[in-house]
Asks: 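Shown below is the structure under consideration.
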Number of protein chains: 2
Amino acid sequence: MNRTNFKGSTREYVYEKIRESILSLELTPGTVISEKEISDDLEVSRTPVREAFLKLTEDELLTVLPQRGSFVTLIDLDHVEEARFLREQAEVGMMKLACHSFPESKRLDMLANIEKQKLAKEKEDEQALFLLDRDFHLFLAEGTNKKRVWQVIQRMDVHSQRLRKLSMNLKLNWNLLIEQHEAMVQAIEQKDERAGMEIMHEHLTLLQYDQSPLKAEFPDYFQ
Amino acid sequence: MNRTNFKGSTREYVYEKIRESILSLELTPGTVISEKEISDDLEVSRTPVREAFLKLTEDELLTVLPQRGSFVTLIDLDHVEEARFLREQAEVGMMKLACHSFPESKRLDMLANIEKQKLAKEKEDEQALFLLDRDFHLFLAEGTNKKRVWQVIQRMDVHSQRLRKLSMNLKLNWNLLIEQHEAMVQAIEQKDERAGMEIMHEHLTLLQYDQSPLKAEFPDYFQ
DNA sequence: AGTAGCATACTTGTATGGTAGTGTGGTAGC
DNA sequence: GCTACCACACTACCATACAAGTATGCTACT
């Protein structure tokens with residue numbers, strides 16, 4: 001991705017660029033960066049960089065100390081858990097709504113998505129599985145008219161991505177996850193509110209694993 | 001509030017100033033404003049105004065059309081409902097946690113807060129009741145270590161404030177609300193998870209009233 | 001009258017200059 | 001050697017200049 005073929009303003013370009021660098025751990029937690037440094041690197045002026053910094057500050061991905069400097073925010077496990085908690089509460093609620101009424105077209109989208117998940121699982125394409133999983137949950141949000149909620153959750157949830165990156169050897173049990181996805185669609189079809197909520201609860205509780213080994217291995221990256 | 005005695009940067013000052021104007025309907029939905037106009041009014045340069053505009057855009061309180069202009073975002077009832085939904089899900093979840101374990105000091109804070117609510121109710125001080133109610137729910141968030149969740153909810157919930165302002169004759173049943181607050185603290189003390197969640201659910205469902213008369217009365221303010 | 005086209009006055013986006021606060025390293029004085 | 005002080009480099013913050021896109025209204029031509 002470079003500036004010329006990026007659709008959107010320079011500000012958005014810079015924001016996405018830095019954001020990706022932070023989430024991929026190219027910029028490790030604690031790394032000091034300055035407006036000038038980035039503007040020189042990306043060959044843009046300080047203004048769009050500064051505006052990107054402000055948005056990154058909102059995300060708590062960057063910490064700015066006025067007149068002193070800026071650095072990539074350290075990972076805060078409390079923050080990660082709060083994001084997971086909010087996501088679970090929101091999606092269980094969406095599931096409840098979905099089991100009451102849900103557009104047929106979205107349900108079909110979800111079914112097709114699950115088939116793609118199975119294919120990706122065969123190919124062991126983790127990246128594709130990650131994106132398909134995202135889309136699956138997005139369909140649920142769209143079908144229950146809660147897209148803004150989904151966006152808020154997504155934005156808060158970025159911090160878990162850095163953890164996932166750190167624990168590269170973490171093998172997700174995709175067979176189970178895909179089974180749960182299937183059970184969700186079934187619950188929606190059968191309007192089985194109790195089953196749907198229960199499965200979603202279990203599904204999102206799986207994300208709650210013991211992160212202390214990571215903190216022990218990379219102490220400098222954590223608060 | 002003017003610039004000299006405001007603690008914080010010019011950017012934050014401008015942001016708060018415009019935000020208050022929008023939420024109080026001083027700036028009505030749809031009103032066209034420009035960076036230059038605001039910077040002249042507040043006697044600051046365009047830079048902090050522009051940065052405030054960006055943050056207001058995040059809040060969906062302002063809509064910016066590049067090279068064309070900016071205007072106060074119209075009220076979107078879907079947005080309001082999504083905020084209420086997310087809040088209900090989050091706070092019911094917090095209640096569940098609180099009924100499992102909750103710091104004694106916070107519980108005492110909540111009890112004292114309720115007594116203040118009763119006093120404010122006697123004096124019919126709506127403004128005080130509003131703030132006390134806010135604090136009450138904040139205590140719950142703090143006691144369950146979910147302060148970030150609370151902030152996210154608060155930020156998303158601003159749109160309901162414009163509705164509240166429009167429906168000035170809306171009389172809230174504070175007696176019921178305060179009773180529910182008491183029942184919440186009781187549930188926490190008795191660790192009665194089921195009762196706590198049920199009360200919180202009812203409590204936050206009360207915010208779901210029919211808003212179509214307002215839309216009929218102020219059609220220009222709505223999407 | 002109606003319309004194409006251009007000048008103009010806006011808008012926001014980007015670049016750059018200057019300001020004030022902060023940390024650091026060196027130096028003079030003890 | 002140690003400390004107080006100061007010059008300097010660096011930061012983010014704010015102000016301003018310039019660029020580029022858009023709406024509007026006038027004018028000239030059909």
Side-chain angles (χ1 to χ4, degrees), chain A residues 1-19 21-22 27-74 220, chain B residues 1-19 21-22 27-74 220:
Chain A
M1 180 179 77
N2 60 35
R3 180 67 190 91
T4 51
N5 59 11
F6 179 83
K7 302 290 179 192
S9 63
T10 308
R11 166 179 14 113
E12 294 170 53
Y13 165 70
V14 175
Y15 171 75
E16 291 298 336
K17 198 86 175 176
I18 305 177
R19 184 175 175 277
S21 297
I22 294 176
L27 289 173
T28 58
T31 304
V32 172
I33 59 178
S34 71
E35 294 174 2
K36 184 166 190 314
E37 177 189 348
I38 301 293
S39 66
D40 287 347
D41 277 9
L42 300 182
E43 295 180 311
V44 296
S45 77
R46 278 159 27 224
T47 302
V49 174
R50 177 175 169 71
E51 291 170 353
F53 271 33
L54 288 173
K55 192 166 176 185
L56 290 164
T57 302
E58 304 270 307
D59 296 337
E60 287 192 48
L61 288 175
L62 195 68
T63 302
V64 175
L65 306 176
Q67 265 74 31
R68 297 173 68 188
S70 310
F71 60 91
V72 178
T73 307
L74 300 177
D220 293 347
Chain B
M1 181 178 75
N2 60 36
R3 179 67 191 91
T4 50
N5 58 10
F6 180 82
K7 302 291 178 191
S9 63
T10 308
R11 170 185 3 120
E12 295 169 52
Y13 165 71
V14 174
Y15 171 76
E16 292 298 336
K17 199 88 176 175
I18 304 177
R19 184 173 174 279
S21 296
I22 294 177
L27 289 173
T28 58
T31 303
V32 172
I33 59 177
S34 72
E35 295 173 2
K36 184 168 188 315
E37 178 189 347
I38 302 294
S39 66
D40 287 347
D41 277 9
L42 301 183
E43 296 179 310
V44 297
S45 79
R46 267 187 58 211
T47 301
V49 174
R50 179 175 169 72
E51 291 170 354
F53 270 35
L54 289 173
K55 192 165 177 185
L56 290 163
T57 302
E58 304 270 308
D59 295 337
E60 287 191 50
L61 288 174
L62 195 69
T63 301
V64 174
L65 305 176
Q67 266 73 34
R68 297 173 69 188
S70 310
F71 58 91
V72 178
T73 307
L74 299 178
D220 294 347

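Residue numbers begin at 1 in each chain, while the letters A, B, ... track the order of the sequences. All of these numbers come straight from a predicted model, not from anything done at the bench.
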Asks: Would you mind checking if Asp40(B) and Lys36(B) are paired as a salt bridge, meaning a charged N to carboxylate O distance below 4.0 Å?
Replies: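 Here Lys36(B) pairs with Asp40(B) in a salt bridge, since their nearest N and O are under 4.0 Å apart.
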
Asks: Which protein N or O atoms sit under 3.5 Å from an N or O of nucleotides 7-11 of chain D?
Replies:
{"residue": "dT11(D)", "atom": "OP1", "partner": "Ser34(A)", "partner atom": "OG", "Å": "3.3"}

Asks: Please list, chain by chain and in numerical order, all residues satisfying side-chain hydrogen bond (donor to acceptor under 3.5 Å, both in side chains) with Glu37(B), sequence neighbours excluded.
Replies: none

Asks: Check the interface with nucleotides 7-9 of chain C: list each N/O to N/O pair with the protein under 3.5 Å, or write none.
Replies:
none

Asks: CD1/Ile33(B) to CD1/Ile18(B) distance, rounded to the nearest 0.5 angstrom?
Replies: 5.5 Å

Asks: Mind calculating the distance between CG (Asp40(B)) and P (dT11(C)) to the nearest angstrom?
Replies: 10 Å

Asks: Could you state the interatomic distance from NZ (Lys17(A)) to CZ (Phe6(A)), rounded to the nearest 0.5 Å?
Replies: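 That separation rounds to 10.0 Å.
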
Asks: For Thr63(B), what residues pass the side-chain hydrogen bond (donor to acceptor under 3.5 Å, both in side chains) criterion, not counting sequence neighbours?
Replies: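 If we apply the side-chain hydrogen bond (donor to acceptor under 3.5 Å, both in side chains) test to Thr63(B), skipping adjacent residues, the hits are Thr73(B).
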
Asks: What is the distance from OH of Tyr13(A) to P of dG13(C), rounded to the nearest Å?
Replies: 19 Å

Asks: Show the nearest heavy-atom pair for residues Val49(B) and Val14(B), with the distance to one decimal.
Replies: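 That closest heavy-atom pairing would be CA-CG1, 3.9 Å.
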
Asks: What nucleotide, of dA12(D), dC13(D), dT14(C), holds the atom closest to the side chain of Arg11(B)?
Replies: dC13(D)

Asks: Who pairs with Glu51(A) by side-chain hydrogen bond (donor to acceptor under 3.5 Å, both in side chains), at least two apart in sequence or on another chain?
Replies: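 In terms of side-chain hydrogen bond (donor to acceptor under 3.5 Å, both in side chains), with neighbours along the sequence ignored, Glu51(A) is linked to Arg11(A), Arg50(B).
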
Asks: Supply the atom-to-atom distance Ser21(B) OG to Ile38(B) CD1, rounded to the nearest 0.5 angstrom.
Replies: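 Reported value, rounded in 0.5 Å steps: 7.5 Å.
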
Asks: Could you state the interatomic distance from CZ (Arg19(A)) to CG (Leu61(A)), rounded to the nearest 0.5 Å?
Replies: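 Arg19(A) CZ to Leu61(A) CG: 7.0 Å, rounded to 0.5 Å.
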
Asks: Rounded to the nearest Å, what distance is computed from the CZ atom of residue Arg50(A) to the C1' atom of nucleotide dG13(C)?
Replies: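 Taking CZ of Arg50(A) and C1' of dG13(C), I get 16 Å after rounding.
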
Asks: Would you tabulate the nitrogen or oxygen pairs shorter than 3.5 Å linking the protein to nucleotides 15-18 of chain C?
Replies:
{"residue": "dA15(C)", "atom": "OP2", "partner": "Ser45(A)", "partner atom": "N", "Å": "2.7"}
{"residue": "dA15(C)", "atom": "OP2", "partner": "Ser45(A)", "partner atom": "OG", "Å": "2.6"}
{"residue": "dA15(C)", "atom": "O5'", "partner": "Ser45(A)", "partner atom": "OG", "Å": "3.2"}
{"residue": "dA15(C)", "atom": "N7", "partner": "Thr47(A)", "partner atom": "OG1", "Å": "2.6"}
{"residue": "dT16(C)", "atom": "O4", "partner": "Thr47(A)", "partner atom": "OG1", "Å": "3.4"}
{"residue": "dG17(C)", "atom": "O6", "partner": "Arg46(A)", "partner atom": "NH2", "Å": "2.4"}
{"residue": "dG18(C)", "atom": "O6", "partner": "Arg46(A)", "partner atom": "NH2", "Å": "3.3"}

Asks: Among Thr28(B), Thr31(B), Val32(B), Leu56(B), find the one that has a side chain to side chain contact (heavy atoms under 4.5 Å, CB included) with Val72(B).
Replies: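 Only one of Thr28(B), Thr31(B), Val32(B), Leu56(B) forms a side chain to side chain contact (heavy atoms under 4.5 Å, CB included) with Val72(B), namely Thr31(B).
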
